[in-house]
Amino acid sequence: MLGQFDPEFTALMNETMQMLRDLFRTSNRWAYPIDGTSRSGLEAVLTGLIEPGDRVLVPIFGRFGYLLAELSERCGADVVTIETTWGSVFDPAEVIEAIDREKPSIVAIVHGETSTGRAQPLDAIGRACRNRDILLVVDAVATIGGMPVETDAWMLDAVIGGTQKCLSVPSGMAPITYNDRVERKLIRRKRIERGIRPEGYSDDGDPAAFIRSNYFDLTQLQDYWSPRRLNHHTEATAMLYGLREGLRLVLEEGLEARFTRHRLHERALVAGLEAMGLSRYGDDSCKMTVVTCVRIPAGIDGEAVRSQLLADFGIEIASSFGPLKGQIWRIGTMGYSCRKSNVLLGLAALEAVLPLHGAAINPGTAVKAALDRYAEAEGAAPDA
Ligand SMILES: *Cc1c(COP(=O)(O)O)cnc(C)c1O
């Protein structure tokens, strides 16, 4: 193990920051992980940005939108939500209309809504927020490293990623990035711990405006991630090795190649599911490539199917939440697991297991349909 101030370790920190900038496609100064799962990144950013009474608009199109609204409420925000039907996303014009009506100072939105498998286009919303001097916070936990997330080009002010989704890094860290618009607001709310205040420091700010968390105080965390290396909590050093290695593999593959790979295997999976006769859930025009939602056939016990897939094949597929519980399965094709052998095995397993649970499917078709799709893709682009 290395200590958290060991120059060898701080060099790894700097490397990781640069890799995160590449991952988020940003030239932001700040890109570093929060210690804790993805939710800790969401909480750190929202706690840092929301002063009690701030108006926060949260457009909701699935479970994780509700989470953003709840976190904002806990920060004392005056939360306004708009909702659209699960299984679809917002027309950006609808969100912009709500922005002009509600006049929030912050908009918090999910990019890839894992609960419904839909991805919200963000570029027009980003531009609208920038033009109106509103801060845009984006939950890209499930999409980062699997689908394009263009922090700078889409004008996103703060973005939170996840490790255990498309990066294939163990859970326990939340990579974030934010720009100087965000930093300015954080610094206004800065407070230095009493025990380590420099001589002569006094804070004459309004106590009501201070960032409410110590552990998630981004001003203190960024002081540790900066060359000043001011002490805050002990860095989760072994976790950082994992994140750095995961990022190294992601960037070695190349982001574009990675997005193409996720699309390829998604299409093969979808071809197989369709051939089997299963119907999918949600609007295809905004489907995430990294999650595929399948309707559980009527009368079938979805949990029993999931259990058998896990017990007999070592394959775990997900159920869903809220109104979709018991209605759909969600099949992830994310990161390392997003590969031909897994897609073929998954389809073969479903094909074998479903009839045992009483589902009428077209037997003997799924794997072939997926293989055909792979052959087509290889014909079109030999190195796809
Ligand atoms: C998984 C997920 C989260 C929560 O992440 P944890 O790592 O479980 O804290 C938040 N938002 C989205 C969109 C997710 O997919």
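Being a predicted model, the structure only gives us computed values, none of them experimental. Read the numbers this way: they start at 1 and go in the same order the structure lists the ligands and their atoms.
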Report summary line: Taking only non-hydrogen atoms of Gly112 and a 4.0 Å limit, the atoms of ligand 1 in range are 13 (C)

Requested in this report: Measure the distance from atom 3 (C) of ligand 1 to every protein heavy atom, then report the residue, atom name and distance (to 0.1 Å) of the closest one.
Outcome: Phe64 CE2, 3.4 Å

**Report entry** Electrostatic pair Arg118-Glu113, nearest N-O below 4.0 angstrom
**Finding:** no

Report summary line: Of all protein heavy atoms, the one nearest atom 15 (O) of ligand 1 is Thr114 OG1, 2.3 Å

Requested in this report: Tell me which one of Leu42, Asp139, Val141 gets a heavy atom nearest to atom 11 (N) of ligand 1.
Outcome: Asp139

Query raised in the report: Looking at Tyr336, is Arg339 sitting on its ring face, NZ or CZ under 6.0 Å from the six-membered ring centre and within 45 degrees of the normal?
Result: yes

**Report entry** Heavy atom of Ser171, distance to ligand 1 below 4.0 Å
**Finding:** no

**Report entry** Residue and atom name of the nearest protein heavy atom (relative to atom 9 (O) of ligand 1), distance in Å to one decimal
**Finding:** Thr37 OG1, 2.7 Å

Query - ligand 1 contacted by Lys165 (non-hydrogen, < 4.0 Å) - result: yes

Query - Distance-only side-chain donor-acceptor flag, Gln18 / Asn14, under 3.5 Å - result: no

Query raised in the report: Tell me, which protein residue and heavy-atom name are nearest atom 8 (O) of ligand 1, and how many Å apart are they?
Result: Gln164 NE2, 3.9 Å

Query - Cationic N near anionic O, under 4.0 Å, Asp133 to Arg181 - result: yes

